[in-house]
Amino acid sequence: MSDSSDEDFNESYVMYRHRREWSDVHPIKQNDGPNPIVAIAYSERFLDVYDYFRAILATQEKSERALELTTDALRLNAANYTVWQYRREILHALKKNLYDELQYIAEVIEDNPKNYQVWHHRRVIVEWLNDASKELDLTEKILDLDAKNYHAWQHRQWAIETFNLFDNELAFIDKLIAADVRNNSAWNQRFFVLKHLGLTPETVQREIHYAMNRIRLIKNNESSWNFLKGLLEYGDFSISQFPDVETFTEELYNSGNRSPYLLAFLVDMYTEKTLHIYETNSYDDPEVYARKVVELCEMLANHYDTIRYKYWKYVIQKFNADKELAKVGPNEQNEEKDEEEHLVTREPEKVNGEAQ
Amino acid sequence: MDFIDEDFIDHNKNNKNNHKKMEVDQNEELPTKFDMEMTIKYVANHGNDKNDFEYTMTEFLRMSGIYWGTTCLDIMGHLDKLDKKSIIEFIKNCQCKKSGGIAACDSHDPHILYSLSAVQILCIYDALDEIDIPALGKYVQSLQQIDGSFFGDKWGEVDTRFSFCAVAILALTNQMNLIDVDKAVEFVMSCVNPDGGFGSKPYAESHAGLIYCCVGFLSITHNLHRLETEKLAWWLCERQLKSGGLNGRPEKLPDVCYSWWVLSSLTIMGKAHWIDGAKLKEFIISCLDTETGGFSDRPGNMPDIFHTLFGIGALSLLGYENLKKINPTFCMPEEIVSKIYQAQILEY
Ligand SMILES: [Zn+2]
């Protein structure tokens with residue numbers, strides 16, 4: 001290991017083993033476990049700090065100096081969950097001012113934004129204080145550095161949900177999506193907020209337009225297409241209930257756009273139409289749409305999404321099978337279903353996307 | 001299932017400026033062949049080479065480090081390169097007398113992540129009886145919450161990774177009856193997103209690593225019918241990029257460890273053939289560091305043991321010659337798992 005953290009310490013730093021106020025403590029060496037796979041090259045300072053940490057852990061010393069020792073230990077390695085746990089025990093025992101700790105952990109998070117333990121510590125302190133007033137600012141600051149930081153999003157969702165901080169979240173998401181329309185985390189957050197607010201028909205209509213407008217900006221964007229699809233599926237809508245969407249996607253296609261996401265969306269849309277016409281025996285010609293489905297899948301398989309060639313071949317196969325079933329009609333279909341279960345995609349059981 | 005991935009861990013923090021190899025020559029040809037002898041040496045000597053020590057810099061994840069190493073070597077047919085006796089001794093010392101849980105290292109607190117790593121290693125060595133299995137079972141049981149989820153340790157972080165660890169430990173030690181499986185399933189299913197994927201908790205963004213944990217969880221508990229397989233498999237297929245490599249979320253870079261998370265999930269669902277296996281193989285091998293024999297996350301980066309296991313694991317799933325078959329649910333040699341537990345795998 002390169003002793004990367006040494007530069008964080010200033011020059012007047014004294015090894016614990018040379019500190020008079022620690023002379024009463026007997027450092028405990030690490031049992032390094034079996035060689036060779038787990039042998040570790042430690043820096044001297046690392047060894048020193050952790051030898052003393054193990055010593056206070058063994059004696060369960062909960063004091064100011066022990067707290068400072070954990071600060072040093074965490075500076076050397078912020079991912080050591082045992083040190084964090086012990087630090088919390090000390091904080092508790094000494095009845096420390098937790099707002100100071102909140103300040104401290106914010107600084108540690110800024111230095112280590114991708115680390116399970118630091119975020120967990122933050123959460124525990126917020127819970128102890130029962131005060132989440134600084135969480136939106138902190139996570140915003142971290143998301144400024146990396147808008148897809150999974151830990152920051154988790155923490156933000158937790159704070160929003162636990163302390164009901166939904167009010168300005170859509171505006172925040174807008175800002176992020178405006179900065180980077182491909183930010184999948186922000187799109188996910190949008191769903192999180194919408195589910196909380198409730199997906200009324202008006203909301204769905206508004207959100208569909210929101211998604212379409214973002215697709216107009218960048219057509220080949222998985223996140224915005226997934227959002228659009230997710231919205232329709234979540235509300236159990238059929239695409240034909242939204243003529244705007246049909247017009248929008250067909251116009252995109254006619255204007256020459258061949259984004260695989262667009263083509264895939266059209267495959268879904270025409271599949272739905274074909275099956276619907278067959279199932280309801282309506283007077284439209286289903287084969288017009290059926291031909292489009294196959295044609296689009298072939299285009300994807302052979303030109304626009306060749307890496308997923310086998311998937312698109314599978315979609316054609318499955319489409320043809322579903323079409324035959326739809327022709328038979330819904331009643332007879334049910335009777336056959338038991339026998340043919342292995343051929344038919346099973347109706348997924350209702351998936352509950354909400355937390356209890 | 002510890003994630004030592006750049007989505008969750010800041011590489012540069014523990015290894016400033018060391019992640020990118022300095023001497024990458026852009027014109028240098030990327031490897032197209034995989035020399036197993038070198039990789040065996042890399043894994044067996046891991047930890048002896050001080051400069052090479054990326055993620056296992058400290059003891060806090062040592063147990064997982066041993067699991068990555070033993071599994072990797074066993075898949076390559078060279079488990080004999082490690083000292084079984086001292087590894088078992090080490091694990092025994094890591095079991096907490098009070099709680100029954102297992103820590104990453106002696107004098108650390110127990111955690112469900114390291115408890116699973118320990119059980120996996122012991123299964124590989126056919127040495128489960130070396131630790132107190134009922135005590136470990138009780139530990140796992142104590143971590144289940146009212147909503148069915150699992151804490152990772154007594155401090156109460158909830159994550160779908162821990163749901164996976166819980167059922168994997170109990171399945172491998174034949175103690176599944178200790179927990180409320182139905183509730184555990186309900187919790188995992190509450191983490192499904194509109195895109196068909198799973199995150200770490202309800203509403204959290206879909207992520208291939210967490211999808212593996214959830215699909216693996218459903219495979220172990222025989223609940224794969226709860227999945228919308230086609231939708232999820234499609235999302236996973238979309239992870240494959242032009243380079244052949246797989247990413248973990250939309251618009252992220254490809255990374256060797258996602259070869260494992262994505263491909264194993266697809267294999268469990270019987271849909272591995274939906275992605276381009278030949279191109280994926282090419283990508284994985286291009287991440288081999290020919291100087292050391294280890295695999296890195298992307299071509300030209302520093303290798304590490306975590307990405308080495310998941311690169312080798314994915315190659316095994318792809319049927320690479322001379323590698324033992326790996327079990328997609330447990331990420332352990334199939335010949336070991338098949339003697340212990342039958343997880344659900346959907347037909348091709
Ligand atoms: Zn990775």
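All chains are named by letter (A, B, ...) in the order of the sequence lines, taking the proteins before the strands, and each is independently numbered beginning at 1. Computed from a prediction, not measured in an experiment: that's the story for all the values here. These values consider heavy atoms only, across backbone and side chains, with no hydrogens, waters or symmetry-generated copies.
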(Q) Below 4.5 Å, heavy-atom pairs only: which of B/S200, B/G199, B/G196 has the largest tally toward chain A? (A) B/S200

(Q) Would you say NE2 of A/H92 has more than 12 non-hydrogen atoms from neighbouring residues, nucleotides or ligands within 6.0 angstrom? (A) no

(Q) Please classify the contact of B/K85 with chain A as side chain, backbone, both or neither, using a heavy-atom distance under 4.5 Å. (A) neither

**Q.** Derivation and outcome, side-chain contact (heavy atoms from CB on, under 4.5 Å), residues A/Y309 and B/D276
**A.** CA-CA 8 Å; A/Y309 174 88; B/D276 190 328; over 6 Å; no

Q) Checking heavy atoms, do the side chain of A/Q85, its backbone, both or neither come under 4.5 Å from chain B? A) both

Q. Who among A/H120, A/E233, A/Q154 has the most heavy-atom pairs with chain B under 4.5 Å?
A. A/H120

Q: Show the numbers, then the answer: is there a side-chain contact (heavy atoms from CB on, under 4.5 Å) between B/E251 and A/K148?
A: CA-CA 10 Å; B/E251 302 297 335; A/K148 297 176 182 178; 3.4 Å; yes

**Q.** A/L145, CG: over 12 other non-hydrogen atoms inside 6.0 angstrom
**A.** yes

Q: Taking the six-membered ring for Trp and the full ring for Phe, Tyr or His, determine whether the centres of B/W234 and A/W312 are under 6.0 Å apart.
A: yes

(Q) Counting only non-hydrogen atoms closer than 4.5 Å, does A/F191 touch chain B with its backbone (N, CA, C, O), its side chain (CB onward), both, or neither? (A) side chain

Q: Tell me, for A/F53 versus chain B, whether the close heavy atoms (under 4.5 Å) come from the side chain, the backbone, both or neither.
A: neither

Q: Can you tell which part of B/E347 gets under 4.5 Å to a heavy atom of chain A, answering side chain, backbone, both or neither?
A: neither

**Q.** Residue part contacting chain A, namely of B/D109, when any heavy atom lies under 4.5 Å
**A.** both

Q) Which atoms of A/N183 come close to chain B, meaning under 4.5 Å heavy atom to heavy atom: side chain ones, backbone ones, both, or neither? A) neither

Q: Against chain A, work out which of B/R249, B/E238, B/K279 has the most heavy-atom pairs shorter than 4.5 Å and name it.
A: B/E238

**Q.** Option that, when pairs with chain B are counted at under 4.5 Å, heavy atom only, ranks first among A/W153, A/W187, A/Y150, A/F192
**A.** A/Y150

**Q.** Expected output: side-chain B/Y203 to main-chain A/N188 donor-acceptor under 3.5 Å
**A.** no

(Q) At a heavy-atom distance under 4.5 Å, which candidate from A/G230, A/P260, A/S185, A/S223 has the highest pair count against chain B? (A) A/S185

Q.
With rounding to the nearest 0.5 angstrom, report the CG to CG distance, B/D195 to A/N184.
A. 7.0 Å

Q. Side chain, backbone, both or neither: which part of B/L210 has a non-hydrogen atom closer than 4.5 Å to chain A?
A. side chain

Q) Which bit of B/I91 is near chain A, if near means a heavy-atom gap under 4.5 Å: side chain, backbone, both or neither? A) neither

Q: Output all residues satisfying side-chain hydrogen bond (donor to acceptor under 3.5 Å, both in side chains) with A/S259, sequence neighbours left out; order by chain, then residue number.
A: A/N220

**Q.** Over 12 non-hydrogen atoms of neighbours within 6.0 angstrom of NZ in B/K252
**A.** yes

Q.
Counting heavy-atom pairs under 4.5 Å with chain A, which one of B/G152, B/A204, B/G156 comes out on top?
A. B/A204

Q: Would you mind reporting whether A/K195 and B/P194 have side-chain heavy atoms less than 4.5 Å apart?
A: yes

Q: Could you tell me which portion of A/K313 (side chain, backbone, both or neither) has an atom closer than 4.5 angstrom to a non-hydrogen atom of chain B?
A: neither

(Q) Less than 4.0 angstrom from a charged side-chain N to a carboxylate O is my criterion; do B/R239 and A/E222 meet it? (A) yes

**Q.** side-chain hydrogen bond (donor to acceptor under 3.5 Å, both in side chains) partners of B/T308, counting only residues at least two apart
**A.** none

Q: Counting only heavy atoms closer than 4.5 Å, note whether A/I307 contacts chain B via side chain, backbone, both or neither.
A: both

Q: Kindly confirm or rule out a cation-pi arrangement of B/K271 over A/Y311, judged by NZ or CZ under 6.0 Å from the six-membered ring centre and within 45° of its axis?
A: no

Q: Apply the test side-chain contact (heavy atoms from CB on, under 4.5 Å) to residues A/Q157 and B/K201: give CA-CA distance (whole Å), side-chain angles for both, the deciding distance (0.1 Å), then the verdict.
A: CA-CA 10 Å; A/Q157 288 195 344; B/K201 31 187 90 124; 5.9 Å; no

(Q) Checking the side chain of A/R308 only, and the main-chain atoms of B/Q240 only, is there a donor and an acceptor separated by less than 3.5 Å? (A) yes

